[in-house]
Each structure stands twice: as structure tokens, then as C-alpha cells.
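Working notes for the structure below.
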There are 2 protein chains.
Amino acid sequence: EQAVVSGVTYSRDEAKITLRSVPDRPGIAAGIFGPLAEAAINVDMIVQNISSKEKTTDLTFTVGRAEVERALAVLEKHAESIGYEELASEHNVVKVSVIGVGMRSHAGVAQTMFGALAEKGINIEVITTSEIKVSVLIAEEYLELALRSLHSAYGLDKV
Amino acid sequence: EQAVVSGVTYSRDEAKITLRSVPDRPGIAAGIFGPLAEAAINVDMIVQNISSKEKTTDLTFTVGRAEVERALAVLEKHAESIGYEELASEHNVVKVSVIGVGMRSHAGVAQTMFGALAEKGINIEVITTSEIKVSVLIAEEYLELALRSLHSAYGLDKV
Ligand SMILES: C[C@@H](O)[C@H](N)C(=O)O
Ligand SMILES: C[C@@H](O)[C@H](N)C(=O)O
């Protein structure tokens, strides 16, 4: 499984915005991304997990740092129709991704990635995956340390 | 933006497992995927959002339906070291993805996707994105309706 990982990438220009406790019913997600699309806000990651017993859930997305204020203003304008409890945003996060083409399972790649970050005391704030990638958001101050640890964990630093 | 979407894909063999309220500190995610990788469980999606004020968060992943029981047994064995409050699983979900190569922003593609699902009363349970895709988990019974609605929303049904 290890041989599968071909590289580690990152993006510094990420700020995350979280809508806390949105109602878990059809139309809410459309009511969030409709106004953002109309305001031509460039959204990168979108992450939502299943709802709680109270039938609400948090929805997080990332934008370039220059667009945070504008995105927050759009959401505040539509606060009533969306129905979130609170908006939270954080500028100092970075996205780090491990790329593995042909991964049969994410578990092995994730174990190595999460283990390497844990050894250095780097907390994982958000996780998403695609067929060929595992991506996390971490605090920006850990970026260089994370990249070095991941390169060595996957043996990518051997020439 | 619309011209960007090239296709809609889906996967029926998905069951989701959620660890409720895991502690948000380094090492927890590694402590979940280590045992799963060692048990050779094939993990597909992994989704985690930022933590709550109580410094806990839910972590969801998907496996093939045939592996749910085995994955739950692995997690129950490590319940103490991971520290989740509760395990939840659901068999009848499917993953539906919209593919858009060269998407500058996910907002437009997401608006159309989420809007098309909302119109048909289809609730979105989980959302993740990658550079070229927006993926959601929905209830299996809505699969055919979702695929038809998305094909027509993106004009993919025109020959
Ligand atoms: C929370 C949000 O995703 C909601 N479930 C919807 O379908 O829009
Ligand atoms: C919740 C889990 O992701 C934790 N933050 C970790 O770093 O392992």
C-alpha cells in the first residue's frame, strides 16, 4: 500500500468558514451556495458530516484569504433563510494533501498521514478524501514541519 | 461555469460509519485508521469537520457494505484508546458525485447540484469535495431520481 503515494501537495491560501448548526433538511445547502455562487465567491473545499440528534449539522467551506470578509457578508445577509446558529472563520489554516493514485483503500495512506502528523503534535482540524487523495486542514504554523514529516513517512525524501 | 460539468457518477456499495464525539487532539485520527488499516478494511470516504466548543468532533467514513460489521468490531475493540461516545452506522446510503474538470470554484457547481436535489426533496447527509468533484451521500432510495435530476440540471441529457 505504501508504494502507492506519489506526492504531497499543499495550499497556503485557504481560510475556513463554518456555519454552525444549520437545519438538516433539503434546500439548506442550496440556500448557502446559491448566494455564494451569485456573488462569484471562489469556494474550494466543502465539508459536511451527518447531523446530530437535534437534526442540525455544521457546514465548513474554504475560500481564498482575500474573499473571507465578502463571503461572511453574503452569509450574514441570508442568515434568516439559511438558519445557522453562528458563523465562525479562521484565516491561518493550510490544506495539505497526500496523493495516491490507485489507492484501493484510504485506511493505510490515512494511517501513515495521521500518524506522522500526530507524532509531531499537529492537530487535524478537517479531513476530506477523494479517490486519489487524503486532504487535511491544519494550522499554518505547522506547514513546513508537516511537509517534512509526510515526505519522510512516505519515503519521498529518498533520492 | 455550467459548461464545466462533464458527468455524474455514483457508487451503491457504500455504508457509512460515524464515531460520535471523538476528542479533538493529535493522535486520535491515527488511532482510528491504524487498526482499520491493520485489519485490511477498505475505507473509501473520510469526513471530519472542525470540533465543537467541547473540543470533540464526529468522524465519518465509508466502507463497502460487506465490511461494516468487521469495521465496527475493530472500532469497538479500540473504544477506550479512541474515546468516542457512540458508534453509528447506516447501510442504505449511496455516493453521488458531480465531475467538473477545471472548476475554478465549487460554489456554482454545488449550487446547481444542491438545488436539483432540494427540488426533489432529497436530503444531503454528507458532503465532500476534491479539485474536480463534489460528492454527497444520500439515501439509496433516491438514487435514480437524483441521477435523472442532476443530468437534466447540468444539461447532460441533451444529445
Ligand atoms: C445540511 C444540508 O446539507 C441539508 N441536509 C440539505 O440537504 O440541504
Ligand atoms: C479528531 C482528530 O482528527 C484529531 N484532531 C487528530 O488530529 O487526530
Side-chain angles (χ1 to χ4, degrees), chain A residues 1 16 18 24-34 36-38 40-52 57-61 88 90 104-108 110-137, chain B residues 1 16 18 24-34 36-38 40-52 57-61 88 90 104-108 110-137:
Chain A
E1 183 75 49
K16 68 176 196 233
T18 301
D24 182 24
R25 54 163 197 272
I28 295 296
I32 293 168
F33 292 96
L36 291 170
E38 273 137 42
I41 304 260
N42 259 349
V43 169
D44 180 22
M45 296 166 84
I46 304 173
V47 180
Q48 179 210 308
N49 209 329
I50 64 171
S51 60
S52 66
T57 187
D58 297 342
L59 191 144
T60 294
F61 65 91
E90 200 189 319
R104 244 176 60 67
S105 163
H106 287 89
Q111 171 192 20
T112 308
M113 180 184 203
F114 301 161
L117 297 176
E119 257 168 54
K120 304 291 180 203
I122 301 173
N123 195 45
I124 299 165
E125 300 188 18
V126 168
I127 304 171
T128 68
T129 54
S130 74
E131 273 66 16
I132 62 165
K133 265 190 205 176
V134 180
S135 300
V136 296
L137 286 183
Chain B
E1 185 75 47
K16 68 176 197 238
T18 302
D24 182 25
R25 55 161 197 272
I28 295 297
I32 293 167
F33 293 95
L36 290 170
E38 274 139 39
I41 304 262
N42 259 351
V43 169
D44 180 22
M45 297 167 81
I46 305 173
V47 181
Q48 179 210 309
N49 210 328
I50 65 172
S51 59
S52 65
T57 187
D58 297 341
L59 192 144
T60 294
F61 65 91
E90 201 190 317
R104 245 176 61 66
S105 163
H106 287 90
Q111 171 192 19
T112 307
M113 180 184 204
F114 301 161
L117 297 176
E119 255 168 55
K120 304 290 181 206
I122 300 172
N123 194 45
I124 299 164
E125 299 189 19
V126 169
I127 305 171
T128 68
T129 54
S130 74
E131 274 65 17
I132 61 164
K133 264 189 206 175
V134 180
S135 299
V136 296
L137 285 183

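Letters go in sequence order (proteins before strands), and every chain restarts at 1.
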Between G121(B), S52(B), A116(B), G34(B), the one whose heavy-atom pairs under 4.5 Å with chain A are most numerous: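 Between G121(B), S52(B), A116(B), G34(B), the count favours G34(B).
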Using a cut-off of under 4.5 Å for heavy-atom pairs, which of L117(B), D24(B), I122(B), D58(B) has the most such pairs with chain A?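 Most heavy-atom pairs under 4.5 Å with chain A: D24(B).
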What option among V126(A), T60(A), T129(A), V136(A) has the most heavy-atom pairs under 4.5 Å with chain B?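 That would be T129(A).
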Against chain B, work out which of A40(A), S51(A), G31(A) has the most heavy-atom pairs shorter than 4.5 Å and name it.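 Ranked by heavy-atom pairs under 4.5 Å with chain B, first place is S51(A).
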side-chain contact (heavy atoms from CB on, under 4.5 Å) partners for D44(A), two or more places apart: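 side-chain contact (heavy atoms from CB on, under 4.5 Å) list for D44(A), sorted by chain: E14(A), T62(A), K95(A), H106(B).
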Of the backbone (N, CA, C, O) and the side chain (C-beta and beyond), which part of E131(B) lies under 4.5 Å from a heavy atom of chain A, both, or neither?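 Just its side chain gets close to chain A.
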Using non-hydrogen atoms and a 4.5 Å limit, figure out which bit of T18(B) sits close to chain A: side chain, backbone, both or neither.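 Answer is side chain: those atoms of T18(B) sit under 4.5 Å from chain A.
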Check ring pair (Phe, Tyr, Trp, His ring centres under 6.0 Å) between F33(A) and all other residues, then give those that pass, not counting sequence neighbours.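 Residues passing ring pair (Phe, Tyr, Trp, His ring centres under 6.0 Å) with F33(A): F61(A), F114(B).
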Roughly how far, to the nearest 0.5 Å, is [atom2] of [Y] from [atom1] of [X]?
X: I50(A); Y: I127(B); atom1: CD1; atom2: CD1; value: 13.5 Å
X: L59(A); Y: N49(B); atom1: CG; atom2: CG; value: 7.5 Å
X: I124(B); Y: I46(A); atom1: CD1; atom2: CD1; value: 9.5 Å
X: Q48(B); Y: E125(A); atom1: CD; atom2: CD; value: 9.0 Å
X: K133(A); Y: K133(B); atom1: NZ; atom2: NZ; value: 12.0 Å

Part of K120(A) lying under 4.5 Å from any heavy atom of chain B: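 For K120(A), neither part sits under 4.5 Å from chain B.
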State, to 0.1 Å, how close [X] and [Y] come at their nearest heavy-atom pair, and which atoms those are.
X: S130(B); Y: S130(A); value: CB-CB, 3.3 Å
X: Q111(A); Y: A37(B); value: OE1-CB, 3.3 Å
X: I41(B); Y: A107(A); value: O-CB, 3.7 Å
X: V43(A); Y: S105(B); value: N-OG, 2.9 Å

Any T128(A) side-chain heavy atom under 4.5 Å of V47(B) side chain: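 Side chain of T128(A) against side chain of V47(B), heavy atoms only: no contact under 4.5 Å found.
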